[in-house]
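To start, the structure itself, in structure tokens.
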Amino acid sequence: MSRSPSIPDRPHRDIDPDLPDDERLEALRGHYADLVDVNEQLSEQLENAEDRRRKLRERADRVERENETLKSSSLYIATVEDVLENDEVIVKQHGNNQEVLTDVSPRILEQVSAGDRVAVNDSFAIQTILDAETDARAQSMEITEKPAVTYADIGGIDEQIREVREAVEQPLAEPELFDEVGIEPPSGVLLYGPPGTGKTMLAKAVAHETDATFIKMAGSELVRKFIGEGSRLVRDLFEMARERQPAIIFIDEIDAIATTRTESKTSGDAEVQRTMMQLLSEMDGFEARGEIRIIAATNRFDMLDRAILRPGRFDRLIEVPEPDRDGREQILQIHTRGMSVSDAVDFEVLSEETEGYSGAEIESLATEAGMFAIRDDRDEVNHGDFLEALEKIEDDDSSDVISSAGYFYQ
Ligand SMILES: Nc1ncnc2c1ncn2[C@@H]1O[C@H](COP(=O)(O)OP(=O)(O)OP(=O)(O)O)[C@@H](O)[C@H]1O
């Protein structure tokens, strides 16, 4: 993709002062028109850059807020076991199952009852009662009975589909094959590769094919600010899978809980470590030929703690790369299947032009091309629409570079 910003040249015209007045006036008009044209182009670029800056500002604010949340002091999650007569309650802390008798402020005592999930501080004083909204279990899992994605919706990674079918689908569909041969199927499958290349789709397609429930959890969700929450979520995840089996557990961004350990020993690190240990112990505990399969995904293979790749853990690694030329063509065909596209659209040319694009980016290219057709009041998308969409995407991309380099904002 070309990334250099194309800033129009300053218009220049030599006007001979000795020309007759009418010719000089004509030349000046021409020069003026050039200036107006360049001015328009620059204004448009400026507008795009400002739009981009606004988006980046929003993103920076969001990251700052998240950072603040993470820095604020941690609370522990506990369940209220019993409310006693003398304004005391017994709470059981998640993670270590420690039971504690603690005083409660009258303000909270009126609202609290046995079974409530609460957040407690270091001295076990109840700080908040967690309502259904903050119940992380409900919030952080995505559960789909039988996802609609099929292998036919995935382009350019046939070899990866074959490997996933062998490692995940076959043990679910034909466990007797493994019994007969006397081997254990892979415990967990790790898909790794750049963002937007179809890793989630692959996991969903296996669930579709095997009529399994798809249960997705993002690694970042497991790294919450409540101590004990991560390991509890992991337990919930496996419990949910047992309730709904056959099930595919999909842990996206596994690097969030399984990065190489640093030397620092902050409580945050220890919490992440505990969450990972919980995941490994759940994996050790389940039957490899059973009805639950586990798939994880990461864009940061280089950062992974090798401990999770040992036999019996994520022992089948499948790389999902960016699509090659043929792959891009297939993905383009898939994402334009439901669109009304002119016969003159040359997919071969488009797949040449999209080198470096991920599946997700090709999907937005198709949508963007459709938008150009709508803007032009047509109901059929033509080759020119795709070229304009390409140009727009590349411009957006280069304005990324412009804004991050501060080019326009000096
Ligand atoms: N190989 C592909 N074939 C068809 N569509 C694809 C492909 N890869 C990505 N897409 C499109 O991009 C979207 C995002 O893909 P998906 O979520 O599977 O990527 P991912 O690899 O899991 O990304 P991430 O690492 O960011 O989670 C999909 O919904 C799909 O529309």
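Order of listing sets the numbers, starting from 1, for every ligand and every atom in it.
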Heavy-atom nearest option to atom 10 (N) of ligand 1, drawn from Pro194, Gly327, Ala366, Gly359: Gly359
Shortest heavy-atom approach to atom 16 (P) of ligand 1 - which of Pro195, Gly198, Ser358: Gly198
For Asn299, atoms of ligand 1 separated by under 4.0 Å from a heavy atom: 25 (O)
Any Asp61 side-chain heavy atom under 4.5 Å of Glu58 side chain: no
Salt bridge present between Arg29 and Glu26 (N-O < 4.0 angstrom): yes
Asp252 neighbourhood, listing ligand 1 atoms whose heavy-atom distance to it stays under 4.0 Å: 27 (O)
Salt-bridge contact Glu142-Lys204 (side-chain N to carboxylate O under 4.0 Å): yes
Residue, atom name and distance, where the atom is the protein heavy atom closest to atom 22 (O) of ligand 1: Thr200 OG1, 2.5 Å
Ile154-ligand 1 polar pair, N/O distance under 3.5 Å: no
Gly196 to ligand 1, any heavy atom closer than 4.0 Å: yes
Side-chain heavy atoms of Ile251 within contact of Leu279, under 4.5 Å: yes
Residue list, salt bridge (charged side-chain N to carboxylate O under 4.0 Å, His left out) with Asp51, at least two apart or on another chain: Arg54, Lys55
Ile157 N/O to ligand 1 N/O under 3.5 Å: no
Which of the ligand 1 atoms, numbered from 1, are nearer than 4.0 Å to a heavy atom of Glu363: 11 (C), 12 (O), 13 (C), 30 (C), 31 (O)
Step-by-step side-chain contact (heavy atoms from CB on, under 4.5 Å) determination, Leu202 to Ile295: CA-CA 10 Å; Leu202 257 175; Ile295 303 179; over 6 Å; no
Shortest reach to atom 5 (N) of ligand 1 by a heavy atom, considering only Lys199, His335, Glu361, Glu253: His335
N or O contact, Met201 vs ligand 1, cut-off under 3.5 Å: yes
Side chain, backbone, both or neither: Ile331 near ligand 1, heavy atoms under 4.0 Å: side chain
Presence of salt bridge, Arg162 and Asp158, under 4.0 angstrom: no
Side-chain touch Thr298/Lys199, heavy atoms, less than 4.5 angstrom: no
Polar proximity ligand 1 side, Gly155 side, N/O cut 3.5 Å exclusive: yes
May I have the list of side-chain donor-acceptor pairs in residues 147-157 shorter than 3.5 Å, sequence neighbours left out?
residue: Thr150; atom: OG1; partner: Ala152; partner atom: N; Å: 3.3
residue: Thr150; atom: OG1; partner: Asp153; partner atom: OD2; Å: 3.3
residue: Tyr151; atom: OH; partner: Glu169; partner atom: OE1; Å: 2.5
residue: Asp153; atom: OD1; partner: Arg337; partner atom: NH2; Å: 2.7
residue: Asp153; atom: OD2; partner: Thr150; partner atom: N; Å: 2.9

Test: Glu329 and Arg325 ion pair at under 4.0 Å: yes
Numbered atoms of ligand 1 (with element) below 4.0 Å of Asp153, judged on heavy atoms: 3 (N), 4 (C)
Which residue and heavy atom of the protein sit nearest atom 14 (C) of ligand 1, plus the separation: Ala360 CB, 4.1 Å
For ligand 1, the portion of Ile334 having any non-hydrogen atom under 4.0 Å away: neither
